[in-house]
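Notes to accompany the following structure.
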Amino acid sequence: MKDEVKEQVTTIMAQIPPGRVTTYGTIAGMTDGATPRYVAWVLRSLPSDHVLPWFRIVRAGGVLADHSGAAVQHERLRAEGVVFDERGRIPTHFFWP
DNA sequence: GCATTGACGATGA
DNA sequence: ATCATCGCCAATG
């Protein structure tokens with residue numbers, strides 16, 4: 001059921017350790033039947049008062065996702081201790097799992 | 001029910 | 001290395 005998958009996505013998102021990031025494809029692979037697009041849709045559809053670390057989810061290769069809050073996300077990750085290289089990418093060292 | 005869109009990913013030029 | 005295209009799947013109009 002899709003609600004189950006959405007719950008899996010939110011659960012995995014909440015399990016991301018601080019100072020680490022993960023990708024849409026990774027979450028999609030952990031869940032059953034989810035796709036990166038679906039994960040993205042879940043994040044976008046989250047309510048305003050969510051407490052999930054949505055800013056820890058980036059695109060494949062460690063590139064920030066294309067959304068309006070990318071700058072905020074960058075700032076948040078920087079506050080978490082994540083380091084971006086000069087090309088705006090996150091080293092694989094910060095990837096989770 | 002069909003067409004468009006989207007916080008993506010992989011592949012090819 | 002960058003840019004362009006296709007594929008995926010679900011939601012929305």
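Below, chains carry the letters A, B, ... as their sequence lines are ordered, and counting in each starts from 1. What you see below is based on every heavy atom in this structure, not just the backbone, and it leaves out hydrogens, waters and symmetry mates.
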Given the ring of F55(A), does R76(A) sit roughly above its face, with NZ or CZ under 6.0 Å from the centre of the six-membered ring and within 45° of the axis?
yes
Can you find a side chain N or O atom of R87(A) that sits less than 4.0 Å from OP1 or OP2 on dT2(C)?
yes
Quickly work out the Y38(A) OH to dA7(B) P distance and round it to whole Å.
16 Å
Is E80(A) reaching over with its side chain to a backbone N or O of P18(A), donor-acceptor style, under 3.5 angstrom?
no
Rounded interatomic separation in angstrom, taking CH2 from W54(A) and C1' from dA7(B)
9 Å
5'-most by nearest nucleotide on DNA chain C - S45(A) or R89(A)
R89(A)
Which whole-number value in Å describes the distance from R44(A) CZ to dA7(B) P?
6 Å
Which pairs pass ring pair (Phe, Tyr, Trp, His ring centres under 6.0 Å) with one or both residues in residues 61-92 of chain A, sequence neighbours excluded?
W54(A)-H67(A), H74(A)-F84(A)
Can you tell me if D85(A) has over 12 outside heavy atoms packed within less than 6.0 Å of its CG?
yes
Side chains of V82(A) and V21(A), heavy atoms from C-beta outward: is any pair under 4.5 Å?
yes
Among dC9(C), dA7(B), dA10(C), which nucleotide sits nearest the side chain of A65(A)?
dA7(B)
Check whether any side-chain N or O of R59(A) sits under 3.5 Å from a backbone N or O of T23(A) as a donor-acceptor pair, and report yes or no.
no
Taking CH2 from W41(A) and C1' from dT5(B), how many angstroms apart are they, rounded to a whole number?
14 Å
Please write out the pairs of protein N or O atoms and N or O atoms of nucleotides 9-13 of chain B separated by less than 3.5 Å, giving the distance to one decimal.
residue	atom	partner	partner atom	Å
dG9(B)	OP1	A60(A)	N	3.1
dG9(B)	OP2	A60(A)	N	3.0

